[in-house]
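What follows is a short report on a single structure.
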Amino acid sequence: MNSIRRWMATFLVLGFAGLHTTAGAQTSPIWSQEKIPNYLPHMTVPEVQDLLTRTDMVIIPVTALEQHGLHLPLGTDYYSGIERAKLIAARTDVLVAPVLIPGQSPYHMGFEGTISLSSETIQQVMVEAAESLIRHGFKRILFLSSHGGNAATTTFIVDRINQETAGIAVDLGSAVGPFRDRERLARIPDPGLFDRHAGVSETSRALYLMPDLVNLEAAVPAELTLPSHMEDMLPAVIAGDPTALKVFLAEGLKAEETGKGTSAREMSTTGVWSVRDPKEASLEDGRVATEVFVDAAVQFIERWKALRPLGR
């Protein structure tokens, strides 16, 4: 009898302890996200069904996972695409569907952490993902390339969807051109210096879009070593000569295996492709650049909706 009482006492103690633990349970200490409307990973099936009653449009960012110097995260291009897409979706009904993080980045492979996929792999994943969304009713697809190295691949993806599926695709980056507020962009100071990958402009946008991931204290000016003929082209590139820019970029930032001597590791001590100090970056300049793009994207989307209303 005493043994039964002891067993019951132990059961009650453990039971109450279990109830107390459950009642006082904490969620994951590292969870920090808030639910974002129209953002596919956060949505339930009924929410997707409801969105389909208002739109058949989806933005798919084409991003990258690559080095961005000493001060920006490897996911800079990923977050640049995703966060801008979210801002667009906050102003006009459109689904935001992240599909793939890495992009085509072979010329950054000299820096640890970079992941690079072939153009063929990216195309196949994106086209198959688009086919899934088209099947559910999202037949208008806007591809937002947030990494320059994905430009040609994005063109192929758009064409394949238009040629091979029932969907209708556009490259959002080029579509927004006529809607950009160039007067507002002109207010961003331009010292007339070479500034591209992970430089002042990109760091400014990161300060606005992903501030907690920027470590500006770690930023230092890069020492650049360009092939001599490219060095000679720089003044024309900076001056805006379109031919100089085209041939400069055709050769610059290419994989070490090509033998051109223009991979990020071969040309830059930090991976930054800029003669400016990234510490010159400005959150305000990043805000302006982002808002100009988002405003233009919203205008384009609204114009497309007017030209082809839902259900037509």
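The figures here come from the full heavy-atom set of this structure, side chains too, leaving out hydrogens, waters and symmetry mates.
Residues M109 and F111 fall into different hydrophobic clusters, defined by Ile, Leu, Val, Met, Phe, Trp and Tyr side chains chained together at heavy-atom separations under 4.5 Å. Follow the hydrophobic side-chain contacts under 4.5 Å out from M43 and you never reach L87; the two are in separate clusters. One hydrophobic cluster, built from ILVMFWY side chains closer than 4.5 Å, cannot hold both V96 and M126; they sit in different ones. Neither V214 nor L70 shares a network with the other; the hydrophobic side chains, linked directly or stepwise wherever heavy atoms of I, L, V, M, F, W or Y lie under 4.5 Å apart, form separate groups for each. Connection of L172 to V99 is not established within any shared hydrophobic cluster, with ILVMFWY side chains joined at heavy-atom distances below 4.5 Å, either directly or through further cluster members.
Residues P189 and D285 form a side-chain contact, since some pair of their non-hydrogen atoms from C-beta on lies under 4.5 Å apart. Taking the side chain as every heavy atom from C-beta outward, V125 and L117 never approach each other to under 4.5 Å. Within the 4.5 Å cutoff, the side chain of R276 has no heavy atoms near those of the T203 side chain. When side chains are defined from C-beta on, L133 counts as touching I60, because their heavy atoms get closer than 4.5 Å. Here the side chains of Y78 and P73 are not in contact, with every heavy-atom distance at 4.5 Å or above. In this structure, the side chains of S146 and Y79 stay at 4.5 Å or more apart for every pair of heavy atoms. L209 is listed as a side-chain neighbour of T290, based on a closest heavy-atom distance under 4.5 Å. When side chains are defined from C-beta on, H42 counts as touching Q33, because their heavy atoms get closer than 4.5 Å.
Between atom OG of residue S282 and atom CZ of residue R287 there is a gap of 9.5 Å, rounded to the nearest 0.5 Å. Of the inter-residue distances, the one linking I168 atom CD1 with L142 atom CG reads 10.5 Å to the nearest 0.5 angstrom. Rounding to the nearest 0.5 Å gives a distance of 12.5 Å between OG of S174 and CZ of F143. Rounding to the nearest 0.5 Å gives a distance of 5.5 Å between NZ of K305 and CG of D93. With rounding to the nearest 0.5 angstrom, the CG atom of N38 is 6.5 Å from the CZ atom of R54. Expressed to the nearest 0.5 Å, how far NE2 of H68 lies from CG of D77 amounts to 3.5 Å.
The minimum heavy-atom distance linking A264 with H108 is given by the pair CB-ND1, 3.4 Å. Between L40 and V48, the shortest heavy-atom distance links the atoms CD1-CG2, 3.9 Å. In terms of heavy atoms, E223 sits closest to T269 at N-OG1, 3.0 Å. Of all non-hydrogen atoms in A281 and L207, the two that sit nearest each other are CB-CD1, 3.9 Å. Between G167 and N162 the shortest heavy-atom distance is O-OD1, 3.8 Å. Residues H197 and G271 approach most closely at CD2-O, 3.3 Å, considering heavy atoms.
Looking at D56, T55, V58 one by one, the single match for side-chain contact (heavy atoms from CB on, under 4.5 Å) with L95 turns out to be V58.
Under a 3.5 Å cut-off, the side chain of K260 and the backbone N or O of P227 do not form any donor-acceptor pair. Listed for the N150 side chain is a donor-acceptor partner under 3.5 Å among the backbone atoms of Q104. Side chain of R308 to main chain of R312: a donor-acceptor pair is present (N/O by atom type, distance under 3.5 Å, no hydrogens or angles). With hydrogens and angles disregarded, no donor-acceptor distance shorter than 3.5 Å links the side chain of S204 to the backbone of G286. Put simply, the side chain of T53 never gets that close to the backbone of Q49: no donor and acceptor are under 3.5 Å apart. Side-chain N or O atoms of T92 include none that pairs as donor or acceptor with a backbone N or O of V298 at under 3.5 Å. T63 places a side-chain N or O within 3.5 Å of a backbone atom of I101 that can act as its donor or acceptor partner.
Within a 6.0 Å radius of CZ in R184, other residues, nucleotides and ligands contribute more than 12 heavy atoms. Surrounding NZ of K246 are at most 12 heavy atoms belonging to other residues, nucleotides or ligands under 6.0 Å away. Sparse packing is recorded around CZ of R303, with 12 or fewer heavy atoms of other residues, nucleotides or ligands lying under 6.0 Å away. Within 6.0 Å of atom CD in E256, 12 or fewer heavy atoms from other residues, nucleotides or ligands are found, so the atom counts as exposed in its surroundings. In F156, the CZ atom is not crowded: 12 or fewer heavy atoms of neighbouring residues, nucleotides or ligands sit closer than 6.0 Å.
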Is there a side chain to side chain contact (heavy atoms under 4.5 Å, CB included) between V288 and Y208 once you walk through the steps? CA-CA 9 Å; V288 171; Y208 178 69; over 6 Å; no

Can you list the steps and then say if T76 with R205 is a side chain to side chain contact (heavy atoms under 4.5 Å, CB included)? CA-CA 10 Å; T76 294; R205 292 192 296 273; over 6 Å; no

Step by step, work out the side chain to side chain contact (heavy atoms under 4.5 Å, CB included) result for R84 and L144. CA-CA 9 Å; R84 285 185 295 163; L144 169 53; 4.2 Å; yes

F138 and L51: CA distance, side-chain angles, deciding distance, side chain to side chain contact (heavy atoms under 4.5 Å, CB included) verdict: CA-CA 10 Å; F138 292 101; L51 183 59; 4.3 Å; yes

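Hydrophobic clustering, defined by side-chain heavy atoms of Ile, Leu, Val, Met, Phe, Trp and Tyr closer than 4.5 Å, groups L224 together with Y107, L193, F194, L226, M230, M233, L234, V237, I238, L245, V247, F248, L249, L253, M267, W273, V275.
For the residue pair Q124/E128, the side-chain donor-acceptor check at 3.5 Å is satisfied. Donor-acceptor pairing under 3.5 Å is recorded for the side chains of D195 and S201. A side-chain donor-acceptor contact under 3.5 Å links T153 and S119.
The aromatic rings of W304 and F300 sit tilted, their planes meeting at an angle between 30° and 60°.
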